[in-house]
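Have a look at the structure below before the remarks.
Order of the sequence lines sets the chain letters (A, B, ...), proteins ahead of strands, with each chain counted from 1.
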Number of protein chains: 2
Amino acid sequence: MVEDVVRTLGFLCMGSRLRRIGERLQADTQQVIDEAGLGIQAGQYPFLAAIDRSGPLTIGELAQAVGITQPGATRTIGQLLELGYVDMQPAPDDQRRRLVSLTDKGQDLVDHSKKVIWPRIAAAVADLCGNLDGPILEQLAAIEDGLAAVPLARRNAAKEER
Amino acid sequence: MVEDVVRTLGFLCMGSRLRRIGERLQADTQQVIDEAGLGIQAGQYPFLAAIDRSGPLTIGELAQAVGITQPGATRTIGQLLELGYVDMQPAPDDQRRRLVSLTDKGQDLVDHSKKVIWPRIAAAVADLCGNLDGPILEQLAAIEDGLAAVPLARRNAAKEER
DNA sequence: GGGTGTTATATAACGTGTTATAGATTAAAT
DNA sequence: ATTTAATCTATAACACGTTATATAACACCC
């Protein structure tokens, strides 16, 4: 048995570790989706959810809502277009922007997911994380906000100045 | 301003979110490494650290130690070979296994990193996470262990049986 | 009102993870 | 002893994120 270095090294490998856990969680989530017979990728859901919540959004707004870069959003929306879950049309007032909206098929998928799949996933994750002694979601939010406020690279400089 | 769906959806998008934060953290870590003038990728460090801690390891052991799949380990070790930080030789007793060890150059890098870079990174991450009201590292460990014990997909079934 | 800068999206190239599978070596079984 | 199964590493193909850059449309300014 080999020791888990990433775990052993603690804060030093926090990035790798969060990624690793996230990948694992998302893979497990995918399994739940597949078992339900849905033909969609876990990573595509946030896009549909964003449009469902806010109404038609542009590529750039979607990228921002989902927290990835614009080319990534362009690609995922391209997939959802292929699958027929969304529709894309130039914004009437600005031809540069493309408004992405849910098709009927997409809305059906979202409605069904909201009723059946999402609660199941959320419950499973809550079951996994809920009993931890700290509010993990708030902590993640704090980390995100902290990084946005002062990136890691500048936390040394700041410290050395003191 | 568009709302952050991944954050809004909470447990539902936990996988995406952990990944996202991990990527961000690792990118920031990379910046610290680059500023120090080291010619190495953040993701390669755990491999060097694993060998430094445990002595020469095979590809499979490295994959396990770092928590990725074997093909991923093969690739990263290939890079470290190119860079001259590690050496690889067939195990004397089993020609299938390849023992990966640190070269002098690799050991120098690890020694220097242990003194200068790693403490800086660990301190910065601790600065970011340390003041949270829960012990985040323990929680991550609990999540990892929880997933290993009962994968997400089976946490529904279990619940429905109750 | 035509040039110039800015903004929005698309595309290309790459990094790094995954799964599936092939190839080589060892272990087991008949 | 030869065949068969298991194990270890390498390779191929793909997923999905990134950065850098091209293209098209808009906004501004002289």
Side-chain angles (χ1 to χ4, degrees), chain A residues 2 6 13 15-31 33-34 40-47 56-64 66-83 86 88-100, chain B residues 2 6 15-31 33-34 40-47 57-64 66-83 86 88-100:
Chain A
V2 187
V6 172
C13 290
S16 295
R17 195 165 176 197
L18 288 172
R19 252 178 77 159
R20 192 172 80 174
I21 300 173
E23 273 158 14
R24 172 74 199 274
L25 248 182
Q26 219 171 348
D28 277 30
T29 301
Q30 187 64 54
Q31 204 183 333
I33 296 169
D34 291 344
I40 192 168
Q41 298 300 114
Q44 298 170 339
Y45 259 139
F47 289 83
L57 293 172
T58 66
I59 294 280
E61 288 167 337
L62 280 167
Q64 210 186 327
V66 174
I68 64 173
T69 55
Q70 169 263 310
T74 296
R75 181 177 347 188
T76 300
I77 291 302
Q79 296 165 352
L80 291 171
L81 276 168
E82 288 274 325
L83 292 167
V86 301
M88 185 162 70
Q89 298 197 349
D93 56 323
D94 184 343
Q95 299 286 99
R96 290 171 304 181
R97 315 169 79 211
R98 306 294 169 84
L99 274 174
V100 182
Chain B
V2 186
V6 171
S16 295
R17 193 165 177 196
L18 288 171
R19 249 177 81 159
R20 193 173 79 174
I21 300 173
E23 272 157 15
R24 172 74 200 273
L25 248 181
Q26 221 170 348
D28 277 29
T29 301
Q30 187 65 55
Q31 204 184 333
I33 295 169
D34 291 344
I40 192 167
Q41 298 299 113
Q44 298 170 338
Y45 259 138
F47 289 83
L57 293 171
T58 67
I59 294 282
E61 289 167 335
L62 280 167
Q64 210 185 324
V66 174
I68 64 172
T69 55
Q70 169 261 310
T74 296
R75 180 174 357 189
T76 300
I77 292 302
Q79 295 165 350
L80 292 172
L81 276 167
E82 287 275 324
L83 292 167
V86 303
M88 183 162 72
Q89 297 197 348
D93 56 324
D94 184 343
Q95 299 287 100
R96 291 170 304 180
R97 317 170 77 210
R98 305 295 168 83
L99 276 174
V100 181

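Proximity note for B:I68 (side chain, C-beta onward) versus C:dT18, D:dT9, C:dA13: the nearest is C:dT18. Distance from the side chain of A:R96 is smallest for C:dA8 among the nucleotides D:dT11, C:dA12, C:dA8. Each of C:dA20, C:dT16, D:dC26 was ranked by its minimum atom distance to the side chain of A:Q95; first place goes to D:dC26. Closest to the side chain of B:R75, from the set C:dG17, C:dT11, D:dC16, is C:dG17. Proximity note for B:Q41 (side chain, C-beta onward) versus D:dC16, C:dG15, D:dT19: the nearest is C:dG15. The side chain of B:T58 has D:dT9 as its nearest neighbour among C:dT11, D:dT9, C:dG17.
B:L62 has its CG atom 9 Å from the P atom of D:dT9, to the nearest Å. Rounded to a whole Å, the CD atom of A:Q79 is 14 Å from the P atom of C:dT11.
Of the two residues near DNA chain C, A:Q70 and A:E23, the one whose nearest nucleotide lies more 5' is A:Q70. Between A:R19 and A:D94, the residue whose closest nucleotide on DNA chain C is further toward the 5' end is A:D94.
Side chain A:R20 to base C:dG17: no donor-acceptor pair is found below 3.5 Å.
Side-chain contact annotation: A:R98 with A:Q89, donor-acceptor N/O pair under 3.5 Å absent.
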